[in-house]
Amino acid sequence: MGPDEISRTVEKKYPDFLHKEKKIQEHRLPDLRNVTGKVVMRMAPSPSGPLHVGHSRLAILNDEYVKRYGGELILRIEDTNPANIDPNAYEQIPKDLEWLGVNSTQIVIQSDRMDLYYNEARNLIKLGFAYLCTCETEDFKKKLSKSIACPHRSVSPEENLKQFEKVLNGEYAPGEAVLIVKTQLDHPNPSVRDWIAFRISEANHPRYGHKYRFYPMMNFSVAVDDHLLGLTHVIRGKDHINNTERQKYIFLYNNWELPEYYHYGLVDFPQVVLKTSIIKKGIADGTYTGWDDIRLGSLMTFRKRGFSPETFRRYWIESGMREIDSEFSIEIFYAMNKELIDPETRRLFFVPDPVKIKLNGSPELNPVIQNHPSNRELGSRTYNLGLEPEVFVPKADWDSISEGEEFRLKDLCNVKKTQDRTEFISMEPSGKRVKIIQWCPKNSHEFRIMKPDGVVDHGVMEPQGKEFRGVAQLERYAYANILSSNEAYFTHK
RNA sequence: GCUCCGAUGGUGUAGUCCGGCCAAGCAUUUCGGCCUUUCGAGCCGACGACCCGGGUCCAAAUCCCGGUCGGAGCACCA
């Protein structure tokens, strides 16, 4: 039996052996604990700016589970720190989520719910689980670290209630009084001991101005809302683990049923600026062009770079929900996006750092170029270059070709380099394996591409790219989102 | 310092709860090959990992103990 015969026999008798089934392992998020019927989940960003890639994980994970089990996904905007609110965020956050394909069924804004928080505060005071404290901050912290109660901790509920109303009425200045939730002073974890539930702020609130001055801290408003909104499952970052422990006391004191909590690991985004304070400063001083500056990691930026929102979903589903910290793999993220967009992304020629060369001895050249190698629906384009035309090619490629070497101008013709020009060889590929490079006609226009590292690549774009908008694969260069006749945002290689 | 958490190839993950089908799967990167509608595309292939040391067990990535390393929190931010 010769080799061919063997393989034919094997093929016939044991087809499974040759075609070992390609196991396509689909990443699937684990099931949630304790699901009885529909779930109620939430995502709760603070409106300090637009959403960035980090927020997208929270949004996608919650959205995925609500889609799996059915139920509600609440967008809760946590604007209880008036000093750190970007008024535009109220509008932008829902837009960012819509782009991601995350559908919230209800939007809740915490500043609309101040009375609910005040009522719960009064309730806890009455039950003896909360007290007003007017200690110096440092003094209070020091005592807490040594598990020592401050004098206010033993004040009667009646007296505390009076004090509470005084604070609401403006009889204390910022820093002079806080409301504290009692937990356990001897709790082994110092960060869980008596924690601050309300503090005074006189900052102007974009939605309510100076109507309120005693604002709940996140741990308080979150606990109250998670209960009142009927949350069944809470998914959020690992940085909230200790907050969860604190919030559980509010549930305990009210005998409320706890949601199931999940905390996913922290993700490090190397070399991406995400911090809103830095971005705001950078926009103000002109370092950045805006929230969608190519160097930033906002969803607005990714959108402007032409990413598919589906890429975020795939990436975060693959990342799962484990409590392991990880590094955001931009490499894998790019690869996922490429796989999604490539089948319907047209090709164009962009020549960075162009040099003009003459095609000596060529006939009339009228190339017809497919806009996509396999997707016929994207059509083709034609150029009438005439006899012995001049074209642009990338300088780096030109310099790497040696004297007398044959190479091919893609979809045009084969030529040979001779000093500062080329000699025509043939229209058809010669069959030899030669370097193939992209080119642009003489009447191409100037074009620049903004890259995420802040570098701008200059070059020329073929004439038929002038009207095109959207993501294109600039052959042999990269994918880019063409924003105007002379500028694009770099997507990825 | 205190409390808690984690550790699978360069990177992201599957498997860990309920030990055996795991001489560890998938993806990406890198490398090699194929591809005359010629791509930095696509297809095929290769390299590459269970943090360390003990213990339990016929059997450990998986259970137990001890280290090491890494992370989070300890805000009048969220």
Side-chain angles (χ1 to χ4, degrees), chain A residues 22-28 30 44-48 77-81 83-85 110 133 135 137 140-141 144-145 174-180 187-193 195-201 214-219 221-222 236-246 263 265-268 270 276-277 314-320 322-336 338-339 342-343 345 347 349 368-370 372-374 376 380 408-412 414 428-438 473-479 492-493:
Chain A
K22 199 180 168 189
K23 276 190 231 162
I24 296 172
Q25 192 157 2
E26 203 153 312
H27 280 273
R28 189 172 191 271
S46 69
S48 53
I77 296 183
E78 307 205 325
D79 58 345
T80 55
N81 179 13
N84 186 27
I85 297 174
Q110 288 194 315
C133 177
C135 290
T137 305
F140 177 77
K141 279 189 194 171
L144 214 52
S145 70
E176 285 182 357
V178 289
L179 184 76
I180 299 200
H187 196 286
N189 185 347
S191 65
V192 179
R193 293 172 195 163
W195 48 268
I196 296 170
F198 282 79
R199 84 302 203 180
I200 301 169
S201 170
F214 207 30
Y215 284 93
M217 301 289 289
M218 169 261 203
N219 278 305
S221 51
V222 162
R236 52 183 172 175
K238 201 176 149 185
D239 49 326
H240 286 295
I241 285 182
N242 283 322
N243 289 325
T244 300
E245 290 310 307
R246 295 197 265 218
H263 300 95
L266 258 55
V267 185
D268 181 31
T276 47
S277 55
R314 281 204 194 175
Y315 187 86
W316 292 126
I317 288 174
E318 165 158 343
S319 295
R322 295 180 64 192
E323 250 178 58
I324 317 172
D325 298 335
S326 62
E327 192 172 291
F328 185 76
S329 177
I330 196 72
E331 210 171 59
I332 288 174
F333 188 76
Y334 285 169
M336 284 178 170
K338 179 159 61 187
E339 193 183 327
D342 186 74
T345 300
R347 274 54 173 161
F349 287 152
V368 177
I369 305 170
Q370 295 297 332
H372 191 284
S374 54
R376 287 288 164 273
S380 64
R408 181 166 178 81
L409 297 166
K410 188 169 187 293
D411 300 321
L412 183 61
N414 279 27
E428 295 309 310
S430 60
K432 275 180 271 181
R433 195 150 291 282
V434 296
K435 192 177 176 70
I436 299 162
I437 63 176
Q438 83 276 29
Q473 187 200 106
L474 307 180
E475 289 199 44
R476 300 209 322 128
Y477 173 77
Y479 293 82
H492 49 68
K493 282 276 190 183

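Naming convention: chains lettered A, B, ... in sequence-line order (proteins, then strands); numbering from 1 in each chain.
- Using N1 to N3 plus N6-O4 or O6-N4 for Watson-Crick, or N1-O2 and O6-N3 for G-U wobble, each under 3.5 Å, B:A7 pairs with B:U68.
- Residue contacts for A:E78: at a heavy-atom cut-off of 4.0 Å it reaches the sugar-phosphate backbone alone, with no base atom in range.
- Remark: the separation of the P atoms in B:U28 and B:A46 is 15 Å, to the nearest Å.
- Looking at heavy atoms from C-beta onward, A:N189 lies out of side-chain contact with A:E245 at the 4.5 angstrom threshold.
- In this pair, A:F333 and A:Y315 present their aromatic rings perpendicular. The plane angle is above 60°, beyond the 30 to 60° band.
- If you check B:A78, B:U11, B:U3 against the side chain of A:S329, the one that comes closest is B:U11.
- Within the 4.5 Å cutoff, no side-chain heavy atoms of A:Y479 are placed close to those of A:Y334.
- Here, B:A61 and B:U3 have their C1' atoms 28 Å apart, quoted to the whole Å.
- Residues A:P216 and A:R199 come closest through the heavy atom pair O-NH1, 3.0 Å.
- Regarding A:I317, its CD1 atom lies at a distance of 14 Å from the P atom of B:U13, rounded to whole Å.
- Contacts of A:L266 with the nucleic acid, taken as non-hydrogen atoms under 4.0 Å apart, involve only primed sugar atoms and P, OP1 or OP2.
- Separation of the P atoms belonging to B:G67 and B:G10 is 27 Å when rounded to the nearest angstrom.
- Distance noted for atom P between B:C64 and B:U16: 15 Å (whole Å).
- Taking atom P in both B:U36 and B:U29, one finds a spacing of 23 Å when rounded to whole Å.
- Sequence order on RNA chain B of the closest nucleotides to A:Y315 and A:R199 puts A:Y315 first from the 5' end.
- Nucleic acid contact for A:T137: base, since at least one base atom lies under 4.0 Å from a heavy atom of the residue.
- Both A:H187 and A:N84 lie near RNA chain B, and the one whose nearest nucleotide falls closer to the 5' end is A:H187.
- Rounded to whole Å, the distance from NZ on A:K238 to P on B:U3 is 17 Å.
- When side chains are defined from C-beta on, A:R347 counts as touching A:P373, because their heavy atoms get closer than 4.5 Å.
- Of the candidates B:U38, B:U11, B:A75, B:U38 carries the atom nearest the A:I436 side chain, counting heavy atoms from C-beta on.
- Between A:R322 and B:U16 there is no side-chain polar atom (N or O) within less than 4.0 angstrom of OP1 or OP2.
- Put simply, CD on A:Q438 and CG on A:D411 are 11.0 Å apart, with the number rounded to the nearest 0.5 Å.
- Nucleotide B:C63: paired with B:G55 (Watson-Crick or G-U wobble, both distances less than 3.5 Å).
- Figure legend. B:G1 is base-paired to B:C74; pairs are counted as Watson-Crick or G-U wobble with both atom distances under 3.5 Å.
- Within 4.0 Å of A:T80, counting heavy atoms only, lie sugar-phosphate atoms of the nucleic acid but no base atom.
- Base pairing of B:G25: its partner is B:U13, meeting the Watson-Crick or G-U wobble criterion (both donor-acceptor distances under 3.5 Å).
- Heavy atoms of A:M336 sit nowhere under 4.0 angstrom from any nucleic acid atom.
- With rounding to the nearest 0.5 angstrom, the CD1 atom of A:I324 is 12.5 Å from the CG atom of A:L266.
- Comparing B:A49 with B:U37, their C1' atoms sit 41 Å apart, to the nearest whole Å.
- Using a 4.5 Å cut-off on side-chain heavy atoms (C-beta onward), A:V222 and A:H240 make no contact.
- A:R376 comes within 4.0 angstrom of a nucleotide base, judged by non-hydrogen atoms across all strands.
- Across all strands, A:P190 comes closer than 4.0 Å to base atoms (heavy-atom distances).
- At the heavy-atom level, A:I324 lies under 4.0 Å from the strands shown only through sugar-phosphate atoms.
- For the pair A:I369 CD1 and B:U38 P, the computed distance is 14 Å after rounding to whole Å.
- The same atom, P, is picked in B:C21 and in B:G15; the two are 16 Å apart, to the nearest Å.
- Within the 4.0 angstrom heavy-atom criterion, base atoms lie near A:Y477.
- The line from CG of A:D342 to NE2 of A:H372 is 4.5 Å long, rounded to the nearest 0.5 Å.
- Among the heavy atoms of the strands, none lies under 4.0 Å from A:N219.
- Computed from coordinates, the A:Y479 OH to B:A41 P distance equals 8 Å when rounded to whole Å.
- With rounding to whole Å, A:Y334 atom OH is found 14 Å from B:U11 atom C1'.
- Nearest to the side chain of A:D239, among B:U28, B:A72, B:C76, sits B:A72.
- Across all strands shown, B:C34 pairs with B:G42; the Watson-Crick or G-U wobble distances both stay below 3.5 Å.
- One N or O donor and one acceptor, one from the side chain of A:E318 and one from the base of B:G12, sit under 3.5 Å apart.
- Between the side chain of A:E331 and the base of B:G10 there is at least one donor-acceptor pair of N/O atoms closer than 3.5 Å.
- Here the separation of B:C50 from B:A24, taken at their P atoms, is 11 Å to the nearest Å.
- The distance between atom CG of A:N243 and atom P of B:C76, rounded to the nearest whole Å, is 12 Å.
- Side chain of A:S319, nearest nucleotide from B:U13, B:U38, B:G73: B:U13.
- Residue contacts shown for A:Q473 include a base, since a base heavy atom lies under 4.0 Å away.
- Among the atoms of the strands shown, base atoms are found under 4.0 Å from some heavy atom of A:G175.
- Atom CG in A:D325 sits about 14 Å away from atom C1' in B:G12, given to the nearest Å.
- For A:S191 and B:C2, the shortest distance from a side-chain N or O to OP1 or OP2 is not below 4.0 Å.
- In this structure B:C47 sits in no base pair that meets the Watson-Crick or G-U test at under 3.5 Å.
- Atoms CE (A:M218) and P (B:C77) sit 12 Å apart, rounded to a whole Å.
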